[in-house]
Amino acid sequence: MSQKVSICLLGPKGAGKSSLLGSLADCVGQGAFGYSPNFHPVLQPISQVDFLKGPIDRHRADFLTHTLSPYERLKQELVAGASATNTLDTYEYYFRLSLSGAAPTDLKQEGPWLLEIIDSAGDIAMPPEGAQIALLDDVKTKLAKQILASDAIVLALPLTRFDEVEWSGALSRLADRIMLAKEKNLKRFVVALTFYERLFVNLGPDAFTYACDPSVARHVLRKSLRSSNCFDHIRKLMTSNSALQLRFTVCSTFGFTKRFQNPNLDPWLAGEQRFRRNSLEGARAYSEYWRPFLTAEPFLYAALGLDSAFTFSFDQLDGEAAPDWA
Ligand SMILES: Nc1nc2c(ncn2[C@@H]2O[C@H](COP(=O)(O)OP(=O)(O)OP(=O)(O)O)[C@@H](O)[C@H]2O)c(=O)[nH]1
Ligand SMILES: [Mg+2]
């Protein structure tokens with residue numbers, strides 16, 4: 001029997017939510033995450049019907065027909081240079097997640113999981129302060145219901161100076177409303193700081209080495225928490241519900257170029273071989289680049305509650321700094 005997990009992906013406009021989701025399957029497939037290299041999750045996009053009824057045997061008539069899944073369509077749109085997510089609806093994507101390799105045995109026995117991940121325009125849940133954005137009430141109601149029904153929230157926030165952001169009020173309101181809602185399902189909350197590769201642009205060929213160090217991520221997250229009070233209401237939400245599991249993490253859809261190690265510039269150029277240089281053939285060439293980078297963590301933690309080297313709790317970030325980053 002598969003377990004169903006519903007995950008709401010939220011965050012301000014332009015935080016990189018759709019890109020993060022669009023790179024999730026690649027990240028899981030390539031193992032470009034901070035879990036053990038022996039951990040082999042398999043994430044397969046499925047249809048809504050398969051999610052609702054459990055995977056079903058396709059009728060023979062369907063054998064040769066091929067319809068694009070919503071997830072494939074999302075990826076195609078991203079490759080074509082997609083713009084902001086439309087505010088006219090919220091968008092559900094479905095996956096089947098199973099585990100093999102070095103996963104805790106009790107967790108393996110629980111699986112497989114059927115995931116529903118809900119993407120929406122940032123302006124619906126977290127509009128910028130003072131902006132007059134015309135939105136359909138139906139869409140706001142639909143998203144509110146989805147938020148309260150979800151098992152987990154992945155909150156994507158662009159890695160920036162948090163003391164100057166125009167969405168801190170919206171974030172506080174969102175956390176307060178979740179806290180006050182009586183009927184909610186929420187068990188996990190992941191704050192994912194996006195655009196992580198940008199931090200390393202001046203480090204040239206050392207960029208990837210630093211980005212791969214979990215203590216650097218921890219330092220960045222600690223600094224972000226200390227620099228602003230925009231996370232105070234998330235703390236309150238946590239205090240109000242001791243069963244809620246919260247993690248902070250970092251990620252980058254653009255990732256890094258593996259050979260040259262510097263931040264990658266265009267993740268969607270064309271097709272899966274886009275990162276392969278013409279002169280290089282064979283399996284080795286596929287691992288030339290590391291892109292995306294850690295975009296699996298937010299969703300795998302949201303679904304499984306499984307920590308990687310790059311997921312941190314409030315306690316881990318509030319505690320004494322490691323000596324080398326004090
Ligand atoms: N440098 C960098 N840019 C990124 C990354 N991920 C996304 N972007 C860019 O950020 C912009 C916004 O990305 P989206 O994925 O559309 O953001 P969104 O949160 O879905 O935005 P809305 O749908 O409008 O709420 C796009 O131009 C992306 O190409 C990343 O990891 N690094
Ligand atoms: Mg979007």
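Source: prediction; values computed, not measured. Whatever order the structure lists ligands and atoms in, that order sets their numbers, starting from 1.
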Checking the N or O distance criterion of under 3.5 Å, is ligand 1 in contact with [X]?
X	result
S83	no
K17	yes
G122	yes
A84	no
S18	yes
G11	no

Exercise. Anything protein N/O/S under 2.8 Å from the Mg ion (ligand 2)? Just list residue and atom, please.
Key: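 Only S18 OG, T85 OG1 fall inside 2.8 Å of the Mg ion (ligand 2).
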
Going by atom types alone, do [X] and [Y] pair a side-chain donor with an acceptor below 3.5 Å?
X	Y	value
Q245	R188	yes
D213	S215	yes
E297	T249	no

Self-check item: Option of least heavy-atom distance to atom 23 (O) of ligand 1 (set: T85, L9, L20)
Solution: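 When every heavy atom of T85, L9, L20 is considered, T85 comes closest to atom 23 (O) of ligand 1.
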
Quiz prompt | Whether G14 lies under 4.0 Å from ligand 1, heavy atom | solution =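 G14 counts as a contact of ligand 1 under the 4.0 Å cut-off.
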
Quiz item: Any link between V28 and V5 through a network of hydrophobic side chains (Ile, Leu, Val, Met, Phe, Trp, Tyr) touching at under 4.5 Å?
Solution: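 Shared cluster, yes.
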
List ligand 1 atoms under 4.0 Å from [X], heavy atoms only on the residue side.
X	value
S252	31 (O)
E197	1 (N), 2 (C), 30 (C), 31 (O), 32 (N)
A121	25 (O)

Practice problem: Verify, without hydrogens or angle tests, whether K108 (side chain) and L99 (backbone) share a donor-acceptor contact under 3.5 angstrom. | Solution: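 Side chain of K108 to backbone of L99: no pair is present.
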
Practice problem: Start with the C-alpha distance between F162 and L193, add both sets of side-chain angles, then the distance that settles side chain to side chain contact (heavy atoms under 4.5 Å, CB included), and finish with yes or no. | Solution: CA-CA 11 Å; F162 287 105; L193 300 195; 3.7 Å; yes

Practice problem: With sequence neighbours excluded, tell me which residues meet side chain to side chain contact (heavy atoms under 4.5 Å, CB included) with A217. | Solution: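 With neighbours one apart ignored, the set is Y196, V250, F310, F312.
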
Quiz item: Do you know which two heavy atoms are closest between D50 and L114, and how far apart they sit?
Solution: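 Reported closest heavy-atom pair: O-CD1, 4.0 Å.
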
Practice problem: Could you tell me if the ring centre of F248 sits under 6.0 Å from that of F314? | Solution: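 Yes, ring centres under 6.0 Å apart.
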
Quiz item: Going by an N to O cut-off under 4.0 Å, is there a salt bridge joining K142 and E92?
Solution: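 Counted as a salt bridge, because a side-chain N and a carboxylate O are separated by less than 4.0 Å.
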
Practice problem: Kindly indicate, with the supporting measurements, whether the criterion side chain to side chain contact (heavy atoms under 4.5 Å, CB included) is fulfilled by L159 and R198. | Solution: CA-CA 9 Å; L159 190 46; R198 282 187 184 169; over 6 Å; no

